[in-house]
Protein chains: 2
Amino acid sequence: MIGRLNHVAIAVPDLAQAASLYRDTLGAKVSDPVPQPKHGVTVVFVELPNTKIELLHPLGEASPIAGYLERNPSGGIHHVCYEVDDILAARDQMKAKGARVLGDGNPKIGAHNKPVLFLHPKDFLGTLVELEQA
Amino acid sequence: MIGRLNHVAIAVPDLAQAASLYRDTLGAKVSDPVPQPKHGVTVVFVELPNTKIELLHPLGEASPIAGYLERNPSGGIHHVCYEVDDILAARDQMKAKGARVLGDGNPKIGAHNKPVLFLHPKDFLGTLVELEQA
């Protein structure tokens, strides 16, 4: 069912420093910061030949990554995102297998304007997993 | 400098359960377990269309992931691996930029029989980064 690894998301305490690290030290192609107020984050996209790294920094007062950065002040890998063809079929398969979908179980429109769901880290090896309809 | 994301490594407390999760719940193609005694891990490879997920479980008494699993008993993302063309040039660039390379600074032969280095998580956004000469 899951297809491509769409991205790895890294929560970072200082977006300019993180962008510089990926651009100047690791020599990758990085975007300008992209504010995504609906999602409570500002994102710098790191373009690799086969996938993306997304550097996330909190935006606004109810950012979904604020708690993570409080627990991990140096930053860290926040989630991985796998592509699926059909988000509702994926949701139903997760439920049938006993895996928990976060929220009310209905897909939301994600940061790439596509339907997404998040799966419970306790059911996925301590890893927050996002599914995105590709 | 960095090229493809070679893999995302997830440390797991139960390899059979983790393999089943990726195969039966997420519907991915997973390998049989591959013992890598030189590296202190047994690995299940999850083949995605654009990259790999590596599910790691400790093997032997001095596994490099044993401490991580003690701190994270449910598992979690242990490291990301980026490909580079020239591991020594990459090492020198890291040092020139003030980023710490783990160990004695000399590449080791990694789990894919290619030269690798690990970079200090404190210098890379709380993320353990492996560089592998592709």
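For the numbers below, each heavy atom of this structure counts, side chains included, while hydrogens, waters and symmetry mates do not. Below, chains carry the letters A, B, ... as their sequence lines are ordered, and counting in each starts from 1.
A donor-acceptor contact shorter than 3.5 Å links the side chain of B/Gln93 to the backbone of A/Thr25. Distance alone, capped at 3.5 Å, is enough to place a donor-acceptor pair between the A/Asn50 side chain and the B/Asn50 backbone.
Summarising the local packing, NZ of A/Lys108 is surrounded by more than 12 heavy atoms from other residues, nucleotides or ligands at distances under 6.0 Å. A 6.0 Å sphere centred on CG of A/Asp85 holds no more than 12 heavy atoms belonging to other residues, nucleotides or ligands.
Under the 4.5 Å side-chain contact rule for hydrophobic residues, B/Val129 and B/Leu102 do not share a cluster. Transitive grouping of hydrophobic side chains (ILVMFWY, heavy atoms separated by less than 4.5 Å) brings A/Leu21 and A/Val46 into a common cluster. Hydrophobic clustering places B/Leu15 together with B/Ile77 (ILVMFWY residues linked when any side-chain heavy atoms are closer than 4.5 Å, directly or through intermediates). Under the 4.5 Å side-chain contact rule for hydrophobic residues, B/Tyr82 and B/Val8 share a cluster. Hydrophobic clustering places B/Val80 together with B/Tyr22 (ILVMFWY residues linked when any side-chain heavy atoms are closer than 4.5 Å, directly or through intermediates).
Neither the backbone nor the side chain of A/Glu83 comes within less than 4.5 Å of any heavy atom of chain B. Proximity to chain B (any heavy atom under 4.5 Å) is restricted, for A/Asp123, to the backbone atoms N, CA, C and O. Heavy-atom distances place both the backbone and the side chain of B/Phe124 under 4.5 Å from chain A. Looking at B/Ala18, the atoms closer than 4.5 Å to chain A (heavy atoms on both sides) sit in the backbone and in the side chain alike.
Note that the CG atom of B/Leu26 and the CD1 atom of A/Ile2 stand 5.0 Å from one another [nearest 0.5 Å]. The distance from the NE2 atom of B/His7 to the CG atom of A/Leu5 is 12.5 Å, given to the nearest 0.5 Å.
Ranked by heavy-atom pairs under 4.5 Å with chain A, the list B/Ile10, B/Leu48, B/Leu125, B/Thr127 is led by B/Leu125. Options A/Leu119, A/Ile53, A/Val84 differ in how many heavy-atom pairs under 4.5 Å they form with chain B, and the most are formed by A/Ile53. Your options are B/Asn72, B/Leu128, B/Leu55, B/Asp24, and the one with the most heavy-atom pairs under 4.5 Å with chain A is B/Asp24. Interface remark: of the candidates A/Ala11, A/Gly76, A/Ala96, A/Pro121, A/Gly76 forms the most heavy-atom pairs closer than 4.5 Å to chain B.
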